[in-house]
Amino acid sequence: MSGAVDWALALHGGAGTILREHLSPEDETRYRAGLEVALAAGRAVLEAGGTALDAVEETVTALEENPVFNAGKGSVLTAEGAVEMDAAIMDGASLDAGAVIGLRRVRNPVRLARQVMEHSPHVMLAWQGAEDFARHMGAETMALEWFVTGHRSTQLAEARAANVVSLDHSDGKYG
Amino acid sequence: TVGAVARDRNGNLAAATSTGGMTNKQPGRVGDAPLIGAGTYASNRSCAVSATGHGEMFIRLTVARDIAAMMEYQGLDLAAATYRKVHEELPRIDGAGGVIAVGAEGAPVLSFNSEGMYRAAQCEGAAPIIAIFE
């Protein structure tokens with residue numbers, strides 16, 4: 001690389017079954033604020049000359065911490081009323097990658113995905129194996145109640161009543 | 001589902017995706033987010049991609065890696081590659097959703113074929129974009 005290039009960052013937060021036309025002004029403000037906080041987290045890394053890998057990890061962690069988005073705290077609920085969270089991260093420079101599947105207690109799945117990438121010989125760990133790896137790495141875990149929000153409980157009740165499985169980002173239903 | 005893609009000042013690319021999946025899903029169901037090449041992919045040779053949507057369709061079309069492959073093997077630019085995948089190929093199998101992507105130069109591409117997409121993006125020296133797309 002002969003010289004510095006401009007940094008760039010983008011994020012998505014497919015944030016609920018609520019379309020914009022149905023959002024209250026208060027809810028729209030919350031969603032926009034969440035996007036802004038996450039963008040700021042990644043931007044801070046890049047402006048300081050940090051790596052793209054650190055930037056995407058910090059951005060996604062901020063989204064996982066915000067209960068309005070479907071990841072980490074605020075994840076949707078399975079048919080059993082549990083959370084099962086997945087995450088992945090990939091470094092375009094080295095083609096290294098890490099992924100975790102079916103986490104039920106790990107606070108920030110994307111951080112664990114990076115640990116799989118950097119501290120295991122594997123690309124992907126799933127369910128109990130991923131939880132065991134998280135414990136081995138000292139990853140922070142939380143009780144189920146920390147992840148579950150009233151909005152997600154209502155969504156599950158409605159989905160059960162309608163006998164559908166639903167995406168997190170539109171009114172589309174897939175059964 | 002949430003995700004991010006980035007390019008740093010050294011020209012390196014990265015992608016990350018995280019999700020709770022689908023409401024009322026069968027326990028054990030895995031979508032595209034954690035599957036490298038489907039919902040998440042990054043290569044300095046082409047682009048970084050993170051996807052959100054109906055995961056089964058994104059898995060079947062290996063969406064993220066396919067966008068990168070179109071750039072590497074066909075010479076398509078990022079916008080053309082994402083458009084073909086999101087607006088031409090995914091709809092053929094009723095694949096709803098979209099991607100965010102960034103390449104070695106230029107602004108990120110935000111591409112989606114369904115409603116209610118929450119997005120933010122910024123390039124160095126430019127104002128941030130924060131939007132809920134219909």
Side-chain angles (χ1 to χ4, degrees), chain A residues 1 4-15 19-20 31-32 35-36 39 42-43 46 49 51-53 55-57 59-60 63-64 69-71 75-76 78-80 83-93 95 97 99 101 109-110 155-156 159-160 165-170 172, chain B residues 1-28 30-31 33-36 39-44 48 50 52-54 96-98 100 102 105 107-108 110 114-125 128 130 132 134:
Chain A
M1 193 64 60
V5 299
D6 289 347
W7 59 258
L9 174 68
L11 65 93
H12 63 84
L19 296 180
R20 189 180 182 188
Y31 288 126
R32 285 180 177 276
L35 295 172
E36 197 164 346
L39 187 69
R43 180 175 60 222
L46 295 169
T51 67
L53 194 63
V56 296
E57 180 182 353
T59 302
V60 170
L63 293 163
E64 289 176 340
F69 301 112
N70 176 20
S75 287
V76 300
T78 70
E80 290 180 343
V83 293
E84 284 190 354
M85 302 170 291
D86 310 328
I89 192 165
M90 187 160 184
D91 180 357
L95 300 185
I101 287 176
V110 72
Q155 274 187 331
L156 177 60
R160 281 173 169 165
V165 178
S166 57
L167 287 173
D168 68 321
H169 66 269
S170 77
Chain B
T1 303
V2 305
V5 295
R7 178 181 67 237
D8 62 34
R9 284 181 177 147
N10 289 319
N12 293 314
L13 306 180
T17 314
S18 183
T19 187
M22 301 167 87
T23 303
N24 202 27
K25 69 181 180 181
Q26 180 176 329
V30 178
L35 302 185
I36 302 302
T40 307
Y41 188 77
S43 170
N44 282 8
S50 175
T52 181
H54 194 186
I100 55 172
V102 67
E105 57 187 22
L110 318 176
S114 55
E115 299 174 301
M117 289 298 189
Y118 297 65
R119 297 283 190 272
Q122 189 168 9
C123 294
E124 185 165 16
I130 296 172
I132 302 171
E134 299 299 334

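Just so we're on the same page: letters track the sequence lines, and every chain starts at 1. Bear in mind the structure is a predicted one, so any value in this text is a computation, not a measurement.
Note on A87(A), A159(A), G49(A), A55(A): by heavy-atom pairs under 4.5 Å with chain B, the leading option is A87(A). Note on A121(B), A120(B), C123(B): by heavy-atom pairs under 4.5 Å with chain A, the leading option is A120(B). With chain A as partner, the option from P108(B), A15(B), G125(B) having the largest number of non-hydrogen pairs under 4.5 angstrom is A15(B). Between chain B and the residues V60(A), D86(A), L53(A), the most heavy-atom pairs under 4.5 angstrom are made by D86(A). Chain B forms the most heavy-atom pairs under 4.5 Å with one residue out of V83(A), L95(A), V110(A), and that residue is L95(A). Chosen from A71(A), P109(A), S75(A), A8(A), the residue pairing most often with chain B at heavy-atom distances under 4.5 Å is A8(A). Taking G3(B), G28(B), P128(B) one by one and counting their heavy-atom pairs under 4.5 Å with chain A, the maximum is reached by G3(B). Annotation: maximal heavy-atom pairing with chain A below 4.5 Å, among G31(B), S50(B), G39(B), A48(B), occurs at S50(B). With chain B as partner, the option from A99(A), A97(A), A79(A) having the largest number of non-hydrogen pairs under 4.5 angstrom is A79(A).
Side chain of R7(B) to backbone of D6(A): a donor-acceptor contact under 3.5 angstrom is found. Proximity of a side-chain donor or acceptor of D8(B) to a complementary backbone N or O of T51(A) within less than 3.5 Å is not detected. Counting only distance, with no hydrogens or angles, the side chain of Q122(B) and the backbone of L9(A) share no donor-acceptor pair below 3.5 Å. One N or O on the side chain of N70(A) and one on the backbone of G21(B) form a donor-acceptor pair closer than 3.5 Å.
Looking at A93(A), the atoms closer than 4.5 Å to chain B (heavy atoms on both sides) sit in the backbone and in the side chain alike. In this structure, chain B has a heavy atom under 4.5 Å from the side chain of I101(A), while its backbone stays farther away. Looking at V5(B), both its backbone and its side chain come within 4.5 Å of chain A, counting heavy atoms on both sides. Proximity to chain B (any heavy atom under 4.5 Å) is shown, for R160(A), by both the backbone and the side chain.
The side-chain heavy atoms of M22(B) and V76(A), taken from C-beta on, include no pair separated by under 4.5 Å.
How far CZ of R9(B) is from CG of L46(A): 8.0 Å, rounded to the nearest 0.5 Å. Atom CD1 in I130(B) sits 7.5 Å away from atom CZ in R32(A) (nearest 0.5 Å).
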